[in-house]
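Working notes, structure below.
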Amino acid sequence: MSKIRFKALSETLNRKPIEVNENTKRSLLFGENVFDETSMRQYLTKEAYIGVMSAIGKGTKIDRKIADQVSAAMKEWALSKGVTHYTHWFQPLTGATAEKHDAFFETIGGGLAIEKFGGGQLVQQEPDASSFPNGGIRNTFEARGYTAWDPTSPAFIYGTTLCIPTIFISYTGEALDYKTPLLRALHAVDEAATNVCKYFDKNVKKVTSSLGWEQEYFLIDKALAASRPDIILTGRTLVGHSPAKGQQLDDHYFGSIPSRALNFMRDLETECMLLGIPVKTRHNEVAPNQFELAPIYEESNLAVDHNSLLMDVMGKVGSRHNFKVLFHEKPFAGINGSGKHNNWSLATDTGVNLLGPGKTPMSNLQFLTFFINTIKAVNDNEELLRASIASASNDHRLGANEAPPAIISVFIGEQLTGVLNELEGVTNGKLSPQEKTDLKLNVVGKIPDVLLDNTDRNRTSPFAFTGNKFEFRAVGSTANCANPMTILNTIVAKQLKDFKIEVDALIEKKDLKKDEAIFNVLREYIKKSKNILFEGNGYGDAWEKEAKKRKLSNNKTTPDALKIKIADKSIKLFEEMGVMSKVEAEARYEIEIEEYTMHIQIESRTLGDLAGNHIVPTAIKYQNSLIKNVTGLKEIFGKDYKKYAEEQLQLITKISEHIEGLHSKIDDMLDARKKANKIEDIEKKAAAYCNKVKPYFDEIRYHCDKLELMVDDELWPLTKYREILFTR
Ligand code: ADP
Ligand code: MG
């Protein structure tokens, strides 16, 4: 049976659900709305097909003639699926995805019109981009940013629109998006890793970085979400008392998925299949109404695009099921937050996972090489890695005793620690034949066995080795994976490049054999990377103290964490690896720091409004009813009334205290904000928002949450945690 043709996605998103029944095989739907290899084979000329495949595989340029052929084929394919518009789809630094739709439709005079989409329109577009953040690179009056086709991520149909993944650069060629530096970092790691692979296998021509993300999220009822201004404006609750039942019972994790959520997931998975997002696992998470979704891992650039696309699709499918999807790292105080684990590895074009142990001592030496180089890269750049996941919302999670702390460390498990300890004892310089045999048989040769029982999993580690990949767990659930993936691949690329230089030098100057030289360098790396390795409990105070001794950074807030991004050392690294210029790095820093300020500013305004305009008046209303009650009791009982009104009188007093507390804190917060707003320097302004404005959040919340417990439930203006979290 030939592949069933499904209508464009809009049929499902904007109108009625797609007609897929329980028995429709997912594999039949997979990639149906993607201009993937299968569609390309069907629609492209041989010449164009070879051109695109070579651009994908080798990064060769696509000339205009080929571009014309590809665009014609894409158009034909898209029109066959009812598509009317096309857009360059990109990821500006706002964190969301952006698109500007153009119709294929074009008039040709004489009252006639055709469907047109040429190579020029495919390859480059000039959206009016003045309102995307650019950190001063592109003057707003200049308003010219270009989007350029990224053939490594296939075009897809979303709604009735053909979406063409693109990079977004300024008129002067600087990156204005997440994708451009990522592509450069992926190129750098490919080059450096391929060179190192040549020690082990001359046939390796390309190394790709793989990413498998795990997305956590909350599903809450759309109407209930709409009743909470804080959720609507900030994506999280700014006030709200913990429910009597939280997650203490641990009954949600891996429990059965509530049917309404399950229907949403089924629908979402169908959409993902059509879009070629290979989602595979779904399960409940720790908190009530919290879930996780994970795909099969993919090449990093594609995986990043797919995660961005997924977040968009989730919002739309959620809405159809009357859900609001919360991606925020900490939507509810006292309830587990959400993250986005980034599982990362490197694979060769010969089909080898460089972070998976092999079957022979030589392939295991290759594994150890990449394993130890990654550890060294993280050791030398831990602060930069921390910076890559810094955001106002992730600050709630890191160091909040549930997610990894703000200190970066690497967990490798007991067995591999043992292997590194043995390697550390290797002789300096030339190895005796006996030592070589020993190493091969007893250390390197044993790795696969070792990993088989390497089942210990340390959930508190931000960066853990999990058998055949590293898992960067500290990434925030709202984050665009491009940021951490750019940094991780860049630091590993730099490390591998240095490694090659050092090994080659030992071979040439010290006349060492290749494997001797590799052992020698690795041994030194193990010695130098000790500080980053940590197997214990990452949540405890003990680790904070220990980490301080080890001189590991512990930047708990975004303004502190971001600084390293523009340190000389970092700029040098970005420039050397061809990932970002100084101007680009500084522009990004500016954008991120300003985004932080805006984030806290919006939260502060929303909280002030909630507390002052919703909660205080409600408290007064309730207090008035108590006063009326007391006055009534006095009328009835005369002098004795106090005997009957004790409770009420106490409540009246307490409510007054909290109202007074709220008034003064709201005023103080407003003053702090006014002062912060006057600061010109963006770094100091962010620091003021962080250290002077934000601390009022908890104080104001304290009074609000106390009042929530006192005020008549019927009067309380905000939907409560228990209603939001346990509605199914
Ligand atoms: P966990 O126990 O961490 O929840 P899961 O099995 O849910 O593990 O998720 C593991 C993730 O790691 C998946 O997204 C999977 O695709 C990804 N993954 C598996 N192997 C690799 C690899 N070699 N490189 C990158 N990602 C991988
Ligand atoms: Mg995981």
Side-chain angles (χ1 to χ4, degrees), residues 26 30 182 185-186 189-190 193 197 206-217 252-255 257 265 268-269 272-273 276-287 290-311 314 336-358 363 366-367 370-371 374 378 402-404 410-413 447-448 451-452 454-475 477 479 481-482 484-486 488-489 492 538:
R26 291 291 156 85
F30 189 72
L182 174 69
L186 295 175
V189 85
D190 170 16
C197 281
K206 190 177 169 68
V207 172
T208 20
S209 150
S210 312
L211 164 64
W213 39 261
E214 299 160 57
Q215 177 75 53
E216 291 180 336
Y217 61 97
H252 190 67
Y253 196 55
F254 284 125
I257 300 175
M265 289 178 192
L268 173 66
E269 283 160 14
C272 286
M273 283 299 117
I277 307 173
V279 291
K280 197 164 159 70
T281 59
R282 59 175 179 214
H283 60 78
N284 289 352
E285 265 303 324
V286 185
Q290 190 189 24
F291 305 94
E292 181 192 288
L293 178 149
I296 297 168
Y297 66 96
E298 299 175 283
E299 185 278 317
S300 292
N301 176 40
L302 188 58
V304 168
D305 280 358
H306 278 166
N307 183 249
S308 296
L309 183 58
L310 172 94
M311 289 169 80
M314 279 174 87
N336 245 57
S338 302
K340 175 148 48 197
H341 296 177
N342 277 204
N343 294 274
W344 170 90
S345 66
L346 293 171
T348 66
D349 57 347
T350 54
V352 175
N353 173 4
L354 294 167
L355 289 167
S363 61
Q366 172 169 283
F367 157 69
F370 283 90
F371 177 67
T374 306
V378 176
E402 57 167 76
V410 181
F411 172 86
I412 59 172
I447 290 172
L451 281 188
L452 277 182
N454 188 20
T455 44
D456 51 335
R457 285 256 188 148
N458 184 331
R459 291 268 160 202
T460 68
S461 175
F463 200 89
F465 185 72
T466 47
N468 59 358
K469 60 192 190 291
F470 279 99
E471 185 167 346
F472 191 9
R473 302 207 185 105
V475 183
S477 45
C481 303
M485 283 300 109
T486 301
L488 180 58
N489 285 293
V492 171

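Note that ligands are numbered from 1 as they come in the structure, with each ligand's atoms numbered from 1 the same way.
- Summarising the geometry of Cys197 relative to Phe370, their closest heavy-atom pair is SG-CZ, 3.8 Å, with the distance given to 0.1 Å.
- Across Ser345 and Asn468, no two heavy atoms sit closer than the pair CB-O, 3.9 Å.
- For ligand 1, the polar-atom distance check against Lys469 finds no nitrogen or oxygen pair separated by under 3.5 Å.
- Looking at every heavy atom in both residues, Met485 comes nearest to Asn489 through O-ND2, 2.7 Å.
- Shown here for Ala479 and Met311, the closest heavy-atom pair between the two residues is O-SD, 4.4 Å.
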Asn307/Gln215 under side-chain hydrogen bond (donor to acceptor under 3.5 Å, both in side chains): CA gap, chis, key distance, verdict: CA-CA 8 Å; Asn307 183 249; Gln215 177 75 53; 3.1 Å; yes
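- Less than 4.0 angstrom separates some heavy atom of Asn353 from each of these atoms of ligand 1: 23 (N).
- Atoms of ligand 1 lying under 4.0 Å from at least one heavy atom of Trp213, given by number and element, are 14 (O).
- An N or O contact shorter than 3.5 Å links Asn343 to ligand 1 by distance.
- In this pair, Phe465 and Phe371 present their aromatic rings perpendicular. The plane angle is above 60°, beyond the 30 to 60° band.
- Taking a 4.0 Å cut-off on heavy atoms, Lys280 fails to register as neighbouring ligand 1.
- Considering Pro295, Cys272, Pro278 as possible partners of His306, the one that fulfils the side chain to side chain contact (heavy atoms under 4.5 Å, CB included) test is Pro278.
- Proximity annotation for atom 22 (C) of ligand 1: of Ser210, Pro278, Ala303, Ser345, Ser345 comes nearest, heavy atoms only.
- Which parts of ligand 1 touch Glu471 is read off a 4.0 Å heavy-atom cut-off, strictly below it: atoms 3 (O).
- Considering backbone and side-chain N/O atoms, Leu211 never comes within less than 3.5 Å of an N/O atom of ligand 1.
- Remark: ligand 1 atoms within the under-4.0 Å shell around heavy atoms of Ile296 are 16 (O).
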